[in-house]
Every structure is written in structure tokens, then in C-alpha cells.
*Asks:* 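Questions regarding the structure given below will be posed in turn.
Proteins get letters first, then strands, A, B, ... in listed order; numbering begins at 1 in each.
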Amino acid sequence: MIELKNITYTYNPGEPSARVALNDVSLTLADGDFVGLIGHTGSGKSTLVQIIAGLLPPLGGTASVDGTDFSEYKAAAKELRKKVGLVFQYPEHQLFEETVYKDIAFGPKNQKLTEDEIDLRVREAARRVRLEDGLLEKSPFDLSGGQKRRVAIAGVVAMKPEILILDEPTAGLDPSGRDELLGMLKELHGDWCKTIVLVSHSMEDIARAAGTAAVMNGGRLVMNGPVEEIFSRGDELRSMGLNTPQITRIVDGLIKAGLPLEKGIFTVEAAADSIEKLVRSKR
Amino acid sequence: MSIIKAENLSFSYESEGAEVKVFENLNIDIDEGEFVAVLGHNGSGKSTFAKHLNAILTPKSGRVTVCGIDTADESRLFELRKNVGMVFQNPDNQIVATVVEEDVAFGLENLGVPREEMRRRVDEALKVVRMYDYRTYAPHLLSGGQKQRVAIAGILAMEPRCIVLDEPTAMLDPIGRDEVMETVRRLNREKGITIVLITHYMDEAVKADRCIVMDRGKIVMDDRPASIFPKVEEMRALGLDVPQATELVWELKRRGLNIETGALRSAGAIESILKMTRDQL
């Protein structure tokens, strides 16, 4: 479990070009959480993610990891880096090894695991991201775009991070590639990685995979709660340049037109269920 | 009047000594002024097709004619690229200058357009994409959506008849996506520029006049969005999606409710559902 308290961060502090990226942000990531992190470009979510991953010292605030408080981020950062695996945007651009196997093994090797353990981790990670065994000895550069992305994710997954953070992992994937990736994350969650943070512009992706959502706006954490609660605040989200999934907007429209439906519905399945129930009860 | 014509177009590449066919005998005809979305899962051949439209790739066999120019005719390459602009996924890879208006002028400088004419075209292009107020900015200070609009302005300044966009919004946030889509639609409606939009976002595709769906190098559907998206099962079998509005009314129908299907947008779905509930009372 990670607790960040009152985190602040400013780029170019003291200079005319100074820009506040994070303003008093407190966030807890508990075991078992699947958090969707939302916010438009420049809202501070990438900065926050780097601080959670132990990669960027904040200017103010404290961190506690598994109940141990650290007044110095430097000491916390070491713990954070051990716990958190971060998959950057377009991670396939960072593949570099001659074979898929070697690329996935790079992280576990740095963790100083034994050869046998590394082998187990590589094969398990590849299986978990749904890469066929036959691909392990291929060059990553001979794979399709979707496969390359999964190799890059496997490289982080193989380090078995307690907390896995992915920055826009579905960007540029086609609908079936996106569904497969989200399904894969749901399977990893709980048993391989205790906590997952999914950074996404797609409300549909968040609705599909996450249990809670955290919304960043102007460097502040402005909403944090169960997905259905966040999506029931459509007008506020829109005022921040965000939106709710189309299905939520349809249900909101039906409510406004007088149909007695619940607010905060965010899947087509749930919307169909409640509309069907309503119609059948009226017969 | 046809502006893009692909006749028996075939393309393949070599991988590990074997020939991989991307498409074979593809025939596509697009009229001037159309707004066409090209859909298909990754690897269906849609980006490869797009790259044939301004001769980034040339046919292995068959013929592509755009604005009356055979794309294989190297002597007319300059003329072709002036008429067919391309916008790619990553805005950062498309911006070359350190000031917005210089970036927009870049293509014109290469064409040797006179100074005054250049000024006029750059200003006009920036106004059309609503980035004129940012003309003296450094591009790195802009958002993704703004950068894409600057890239589009650079193309507009060349006064093209056709713009091809290959997943132009994949890296943008919701505001950026709306800005780019609104711009593209306006260019089509107001300036009559032919638009070919490659996208994975079905809510963008519903805004087109026509959708071409590709699968393994073949055209499997070619029709108006209102005819394509209600085929929910077929679309899914092709690894594609339909808008949630379309899926919802389709799902209600599947469950045996007496509802009109075919809605593409939120408003349409709301209307169909309200009509159904009124009819039931």
C-alpha cells in the first residue's frame, strides 16, 4: 500500500516559465485497487505517476509505503521503485534486445534473480500477456504493433511489481486489441499485481476495467471514488474537458426525459438491463 | 467526379524471405468532396492503402490515380503531394520549425511561393484551423490537438484538394480529439476538400459520409455509416466496434423488445428508447 500526502510539484521553480504541475495532492493506493487515472493533457497525471513510481522527487509532501512513513522522498523512492512497475506510453518504442525473450528478461536480470527464476518469470509474463511461446526467440522488431506492445508490457510484468501503472496502454490499438489488453489487465490484477493504475483518456476503457477512478484537473486531485459515482457527475467532468462514456450520456438523457433509471450506469449491459426491466414492468 | 481511383492495386512486402501480401486487386473509387472513413483492425491494410495516396508507397501492380495524377509517375510527385496532404498519428513527428507560422510556411517555401502570397496563405490556413492567435508560439508549448491543427494548417497552405489522415487523434485527449474532428469536418463541408480518415474510433467514423471497412486486404463493407454500424455482429467478427448508442438499441432488440434499431449517436438512441417506452404505455 502506498500513501502520498500533500504532494506538490512545480516545473522550473523560481523562473518566469514556472508551472505548477501538482498542487497538494493526496492519494492512497491500497492492495486490490484497480484505479483509472483520468485528466486532460497537462492536468498533472504524468507527473503524479512518476512520483508514485519513485522516479521524480516532489517539492513538498510525504510518502508512506506499507505503513512506514518516510519524511525524505529519497528513502521512499527506493521502496517505491521496488514496488511499482511503470509502463510508459508507446512502450514498444523502447524495445532494444535481439530477441523477445531477452527483452522480457532484462528487468528480472536487474533484480538479480537466478537463471531459473528469470526463465520462469519470462515464460509466465509472456503467457500472461498472451504471447505465444514460439515468439520468444524472434526479434521484437519482426512482430506486429500489438505484439510489440505486449512484449514491452511483459518486460515490466516479469518484474512482478505489486503496483502496475500503465500510461495510455490502449492508444493506437484497434478495438479487438484494446479489449484483449483490458481483459489481460483484469486477469493480472489481484493474483500477479495487487494494484493496477490505468492512465487513460478513454472513459470507455476506464468503465470496462477499473473499480475506482481518480480525476486530475489543473494539478489537483478533484475526484476520487467508485467509477459509478464519478460517472454520475457528468456535468462536472465536461466542465473539465472530460466526458462520461457515451452509454452514460444516453442514460442521463433518458433520466432527463423522465424515465426512472439509476444514475451512474456505465456499461451497455447494465443500461440494457435497467431499460428492459423498466419496459417489462410497465407491461 | 472521382478524385481517388485505385485499380487492381496489389502490394506485398518481404519478411524472413517470404512474401506477405497486404492486399491484392483492390479497387476503390472516391468522389471529389466525399468524407470517407476507412476502418479495419490492425494489419487489415488500411494504412498501407493510405500511404499509396501520395506515393509514400507505389503499387507493386495495378494503378492509383489521385487528382488525375498516376502516383507511380515520379515526374509529377511534387504536383501530387501539393494536392494530397497527409496527417499522421504523432503530432511531434510532423512539426519541423520552432515557431508555429514558420512551420505552416515550410511547405510553401519549398514550392517557391512568393513572399506576399505565402503570408496570405499562412494566415488564412491558421485562421481556418483556429490557431491564428498562436502563430508566434513555439510548437512545444501547444497541446496535442493544437499541434495536429498546426500540422493540418501546413497542409492547407498548399491548397490541396484532398487530405488523408492516418489515426490523427490516437494520441489526443477528448478535447484535442473534438478539435481535430471539428476542423476536419469543416474543411470538408466548407471548402469541399476530400477527406480520407483512417480511424479506430467508431464515433469519428459515424461523422463520415461513407465508411470503407477493410479486412485482410479486402474491402468487406462500403456504405453509409447508418447502413454499416447496425450490423453489430458482423462488425464484431471483423474485430471492430460499434458506437455504444448503436449497441444499446441493438441489444434491446436482441432481448425481444420492440425497438427501432440503427441509432448512431446518443440523441438517436434516446429517441428510439423514448418512442419504445411511449408505445408500451
*Asks:* Heavy-atom distance under 4.5 Å to chain B: side chain of A:N243, backbone, both or neither?
*Replies:* neither
*Asks:* Would you give the length of the straight line joining atom CG of B:L257 to atom CD1 of A:I275, rounded to the nearest 0.5 angstrom?
*Replies:* 9.0 Å
*Asks:* Flag the one option from A:A171, A:S202, A:S176 with the top tally of heavy-atom pairs under 4.5 Å to chain B.
*Replies:* A:S176
*Asks:* Quick check on A:E269 against chain B: is it the side chain, the backbone, both or neither that has a heavy atom closer than 4.5 Å?
*Replies:* both
*Asks:* Go through the atoms of A:E276 and report whether side chain, backbone, both or neither lie under 4.5 Å from a heavy atom of chain B.
*Replies:* both
*Asks:* Identify which part of A:D273 has an atom lying under 4.5 Å from any heavy atom of chain B, answering side chain, backbone, both or neither.
*Replies:* both
*Asks:* Looking at side-chain heavy atoms only, is the closest gap between B:V206 and B:F229 below 4.5 Å?
*Replies:* yes
*Asks:* Chain B: which of A:L242, A:I247, A:V251 shares the most heavy-atom pairs with it under 4.5 Å?
*Replies:* A:I247
*Asks:* Check whether A:T41 gets within reach of chain B through its side chain, its backbone, both or neither, counting any heavy atom under 4.5 Å.
*Replies:* both
*Asks:* Looking at B:F35, I'd like to know if the NZ or CZ of B:R210 sits under 6.0 Å from its six-membered ring centre while staying within 45 degrees of the ring's axis.
*Replies:* no
*Asks:* At a heavy-atom separation under 4.5 Å, does A:I250 approach chain B through its side chain, its backbone, both, or neither?
*Replies:* both
*Asks:* Give the ring-plane orientation class for A:Y11 versus A:Y9, where under 30° counts as parallel, over 60° as perpendicular and anything between as tilted.
*Replies:* perpendicular
*Asks:* Considering only heavy atoms, which portion of B:L172 lies under 4.5 Å from any heavy atom of chain A: side chain, backbone, both, or neither?
*Replies:* backbone
*Asks:* Using non-hydrogen atoms only, which part of B:I270 is less than 4.5 Å away from chain A: side chain, backbone, both, or neither?
*Replies:* both
*Asks:* Heavy atoms only: give me the nearest B:R254-B:E251 pair and the separation to one decimal.
*Replies:* NH2-OE2, 2.9 Å
*Asks:* If the plane angle is over 60° it's perpendicular, under 30° parallel, otherwise tilted; pick one for B:F49 and B:F23.
*Replies:* perpendicular
*Asks:* Check the pair B:E204 / B:R185 against salt bridge (charged side-chain N to carboxylate O under 4.0 Å, His left out), numbers first and verdict last.
*Replies:* CA-CA 10 Å; B:E204 293 177 359; B:R185 244 172 92 88; over 6 Å; no
*Asks:* With only heavy atoms counted, which part of A:K138 is less than 4.5 Å from chain B, the side chain, the backbone, both or neither?
*Replies:* side chain
*Asks:* Verify the distance criterion only: is there a donor paired with an acceptor across the side chains of B:E101 and B:T136 at less than 3.5 Å?
*Replies:* no
